[in-house]
Participant: 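The structure follows.
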Amino acid sequence: MPYQRPRGTNDITPAPRPNEPAFEVHKWQHAERTFQGLVERYGYQEIRTPMFEDIELFIRSSGETSDIVTKEMYDFYDKGERHVALKPEGTAPVMRSYLENKFAAPGLPTRLWYFSHSFRYGRPGKGRYRQLHQLGLELIGSSSPRADAEIITLAYRYFSAMGMTGQKVLLNSIGKPADRILFGAVILKHTESYFADRDPAERAKAEANPLRLLDTKDPGLREALAGLPSILKHLSPESLAHFESVKAALDEEEIPYQISDDVVRGLDYYTDTVFEVVNESLGENLSLAGGGRYDHLIGQIGGPATPSVGVGIGVERLLLTLESLGIAQPVPPLDAFLVAATEEAKPPVRKLANHLREQGFKVLLDLDDKKLGAQFKSADRSGAKVALVLGDDELAAGTITVKTLATGEQISIPQADLAAYLAR
RNA sequence: GCGGUUGUAGCUCAGUGGUUAGAGUGCCUGACUGUGACUCAGGAUGUCGGGGGUUCAAGUCCCCUCAGCCGCCCCA
């Protein structure tokens with residue numbers, strides 16, 4: 001094998017890859033179309049941004065101490081000495097474009113969706129890739145709790161529309177930056193004795209962003225955190241009221257969720273609402289989607305303060321979850337495979353193929369002058385619903401033989417009735 | 001980035017340091033003169049992930065490396 005794909009990347013192929021049924025292109029197409037169909041009914045419009053950006057954009061938005069910035073960025077210098085990074089997430093580029101191109105509709109919140117690559121330089125594994133794909137939504141310009149609920153609702157309904165069951169929304173609020181500074185101090189105080197005899201690097205990391213200690217799996221640290229009051233007890237009255245309204249709006253939409261006060265998210269730009277969507281069948285540690293409100297992001301990258309909320313959905317993880325749940329995805333069928341029974345029938349068969357294609361049918365025929373039996377074999381493997389046979393008898397009578405491949409049943413119909421037969 | 005584990009035919013996998021590396025399945029051809037799947041007969045296929053080393057001899061032992069998977073970190 002002279003070459004193999006770069007580590008942590010995937011080929012998305014027309015036929016399933018061994019052990020990787022999720023990377024079949026028709027499943028991806030279905031996922032994209034379903035998403036587009038759903039969110040466009042809510043007024044979202046597509047946006048496409050470049051695959052790479054000035055690295056500063058990500059440092060400013062995600063936060064200098066975030067893991068994405070400190071160790072997971074695919075960055076390089078181009079021939080003009082520009083320091084750029086393959087985008088590690090979708091939100092910052094969309095916000096940059098929004099600011100740069102000023103396409104906001106006056107008087108209306110801006111609703112955007114995207115389907116995009118993301119790149120994260122981590123150790124790959126199942127459901128964890130260096131090149132991954134995200135479907136995302138951004139609702140820019142509303143501070144209403146209904147905006148938060150709209151985003152969460154759409155994420156949840158999307159998974160349902162894909163046939164998924166068992167997805168859970170984990171919901172939390174991390175308040176405003178001021179709340180977080182206060183709560184961070186509380187956390188550090190609470191874990192002071194634990195960190196007293198830890199190494200300085202670990203201590204520094206904790207001090208840089210104490211909130212991230214909350215979702216630790218380290219048993220010692222978990223113990224040290226025991227008895228710490230919930231972040232929800234430290235919210236300002238405004239944040240608390242916002243959180244209550246988000247919950248009420250989700251109840252109204254009948255979206256099930258569970259409050260999970262250890263969901264803190266890895267990016268610095270979130271304010272108030274944060275959430276993740278998980279599914280047991282994918283594994284405890286992998287989330288299907290994550291998002292929240294980021295009222296200060298646009299301000300952080302140099303624009304006017306603009307309240308916004310969004311979500312990113314992991315396409316690989318979505319499809320992996322559907323596989324592990326055994327949820328079948330529709331395979332686009334071929335309408336017919338045309339078979340020429342005799343040499344004389346070949347030109348009419350080619351003509352018929354074109355005729356059917358003009359009418360919108362998906363048809364295939366033999367290219368390699370195969371014998372009749374081999375043509376049927378091709379028909380069988382093509383996945384076509386029927387084989388259409390033209391030979392001397394049919395040409396003389398103006399009929400066509402239709403064989404249903406799954407059952408082997410064969411009937412003869414007038415050629416004039418063929419389109420109506422296939423369309424039924 | 002850290003720890004563990006795996007890598008042999010298209011696929012699933014056997015293979016005590018000792019001829020020319022096997023099985024099942026799939027694939028190709030034929031029996032089949034107007035019919036795929038079933039049956040029967042025949043056939044092709046490997047850089048044993050890659051590189052180096054030890055040895056009379058390496059798929060097998062050692063080192064390095066690449067890739068997958070599991071756990072950690074983190075997240076989609």
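Residue numbers start from 1 in every chain, and the chains themselves are labelled A, B, ... in the order their sequence lines are given, proteins ahead of strands.
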Participant: Check every strand shown and say whether A/K71 touches a base, only sugar-phosphate, or nothing at a heavy-atom separation below 4.0 Å.
Facilitator: base

Participant: Using a 4.0 Å heavy-atom cut-off across all strands, classify A/V389 as base, sugar-phosphate, or nothing.
Facilitator: base

Participant: Is a donor-acceptor contact shorter than 3.5 angstrom present between the side chain of A/R123 and the base of B/rG3?
Facilitator: yes

Participant: Scan for ring-ring contact (aromatic ring centres under 6.0 Å, His included) pairs involving residues 54-78 of chain A, sequence neighbours excluded, and state none if there are none.
Facilitator: A/Y74-A/Y121, A/Y77-A/H83

Participant: Between A/K126 (NZ) and B/rG4 (C1'), how many Å, whole number?
Facilitator: 18 Å

Participant: Would you write out the dot-bracket form of RNA chain B, 5' to 3', with Watson-Crick and G-U pairs under 3.5 Å, [ ] for crossing pairs, | for pairs to other strands and . for unpaired bases?
Facilitator: (((((((..((((....[...)))).(((((.......))))).....(((((..]....))))))))))))....

Participant: State whether A/D11 and A/R5 are salt-bridged, where the test is any N-O pair (Lys NZ or Arg NE/NH1/NH2 against Asp/Glu carboxylate O) under 4.0 Å.
Facilitator: yes

Participant: Between B/rA76, B/rU35, B/rC74, which nucleotide gets closest to the side-chain atoms of A/Q134?
Facilitator: B/rA76

Participant: Closer to the 5' end of RNA chain B via nearest nucleotide, is it A/T401 or A/E89?
Facilitator: A/T401

Participant: Taking only N and O in the side chain of A/K371, is any of them less than 4.0 Å away from OP1 or OP2 of B/rC32?
Facilitator: no

Participant: Among B/rC69, B/rG34, B/rA37, find the nucleotide with the atom closest to the side chain of A/D392.
Facilitator: B/rG34

Participant: At under 4.0 Å, does any side-chain N or O of A/R381 touch on OP1 or OP2 of B/rA37?
Facilitator: no

Participant: Provide the distance between the two C1' atoms, one in B/rC13 and one in B/rG51, to the nearest whole Å.
Facilitator: 26 Å

Participant: Using a 4.0 Å heavy-atom cut-off to protein, can you give one letter per nucleotide of nucleotides 6-12 of chain B, 5' to 3': B if the base is in contact, S if only the sugar-phosphate is, - if neither?
Facilitator: -----SS

Participant: When the C1' atoms of B/rG30 and B/rG68 are considered, how many whole Å apart are they?
Facilitator: 41 Å

Participant: Applying the salt bridge (Lys or Arg N to Asp or Glu O under 4.0 Å) test to A/D335, which of A/K385, A/R357, A/K362 qualifies?
Facilitator: A/K385

Participant: Calculate, to the nearest 0.5 Å, the distance between atoms CD1 and NZ belonging to A/I68 and A/K87 respectively.
Facilitator: 13.5 Å

Participant: With distance as the sole criterion, do the side chain of A/K403 and the base of B/rG36 form a donor-acceptor contact below 3.5 Å?
Facilitator: yes

Participant: With P as the reference atom in both, quote the distance from B/rG59 to B/rG71 in angstrom, rounded to an integer.
Facilitator: 34 Å

Participant: Please evaluate residues A/D261 and A/K233 with respect to the criterion salt bridge (charged side-chain N to carboxylate O under 4.0 Å, His left out), reporting the C-alpha separation (whole Å), side-chain torsions for both, the decisive distance (0.1 Å), and the verdict.
Facilitator: CA-CA 10 Å; A/D261 59 14; A/K233 297 269 189 279; over 6 Å; no

Participant: Base, sugar-phosphate, or nothing: which does A/A379 touch, judged by heavy atoms less than 4.0 Å apart?
Facilitator: nothing

Participant: Would the number of heavy atoms belonging to other residues, nucleotides or ligands and lying under 6.0 Å from CD of A/E344 be above 12?
Facilitator: yes

Participant: In Å and rounded to the nearest 0.5 Å, what is the CG to CD distance from A/D368 to A/Q375?
Facilitator: 10.0 Å

Participant: Do the side chain of A/Q410 and the base of B/rU35 come within less than 3.5 angstrom through a donor-acceptor pair of N or O atoms?
Facilitator: yes

Participant: Between the base of B/rA76 and the side chain of A/R128, is there a donor-acceptor distance below 3.5 Å?
Facilitator: no

Participant: Quiz question: going by heavy-atom distance under 3.5 Å, is there a donor-acceptor pair between the base of B/rG34 and the side chain of A/E394?
Facilitator: yes

Participant: Rounded to whole angstrom, note down the C1' distance from B/rA67 over to B/rA58.
Facilitator: 23 Å

Participant: Would one find a side-chain N or O of A/R7 under 4.0 angstrom from OP1 or OP2 of B/rC66?
Facilitator: no

Participant: Under 4.0 Å between a Lys/Arg side-chain N and an Asp/Glu carboxylate O for A/E254 and A/R157?
Facilitator: no

Participant: By nearest heavy atom, map A/E316 and A/L405 onto RNA chain B; which one lands nearer the 5' end?
Facilitator: A/L405

Participant: What orientation do A/W28 and A/F115 show, parallel under 30°, tilted 30 to 60°, or perpendicular over 60°?
Facilitator: perpendicular

Participant: Classify the nucleic acid contact of A/L286 as base, sugar-phosphate or nothing, counting any heavy atom under 4.0 Å across all strands shown.
Facilitator: base

Participant: Out of A/D272, A/D295, A/L139, A/L297, which one pairs with A/P307 under the side chain to side chain contact (heavy atoms under 4.5 Å, CB included) rule?
Facilitator: A/D295

Participant: To the nearest 0.5 Å, tell me how far A/I413 CD1 sits from A/L418 CG.
Facilitator: 5.0 Å

Participant: Using atom C1' in both nucleotides, what's the gap between B/rU45 and B/rA57 to the nearest angstrom?
Facilitator: 27 Å

Participant: Describe the nucleic acid contact of A/G136 in one word from base, sugar-phosphate, nothing, applying a heavy-atom distance below 4.0 Å.
Facilitator: nothing

Participant: Pick base, sugar-phosphate or nothing for A/G290, based on heavy-atom distances below 4.0 Å to the nucleic acid.
Facilitator: sugar-phosphate

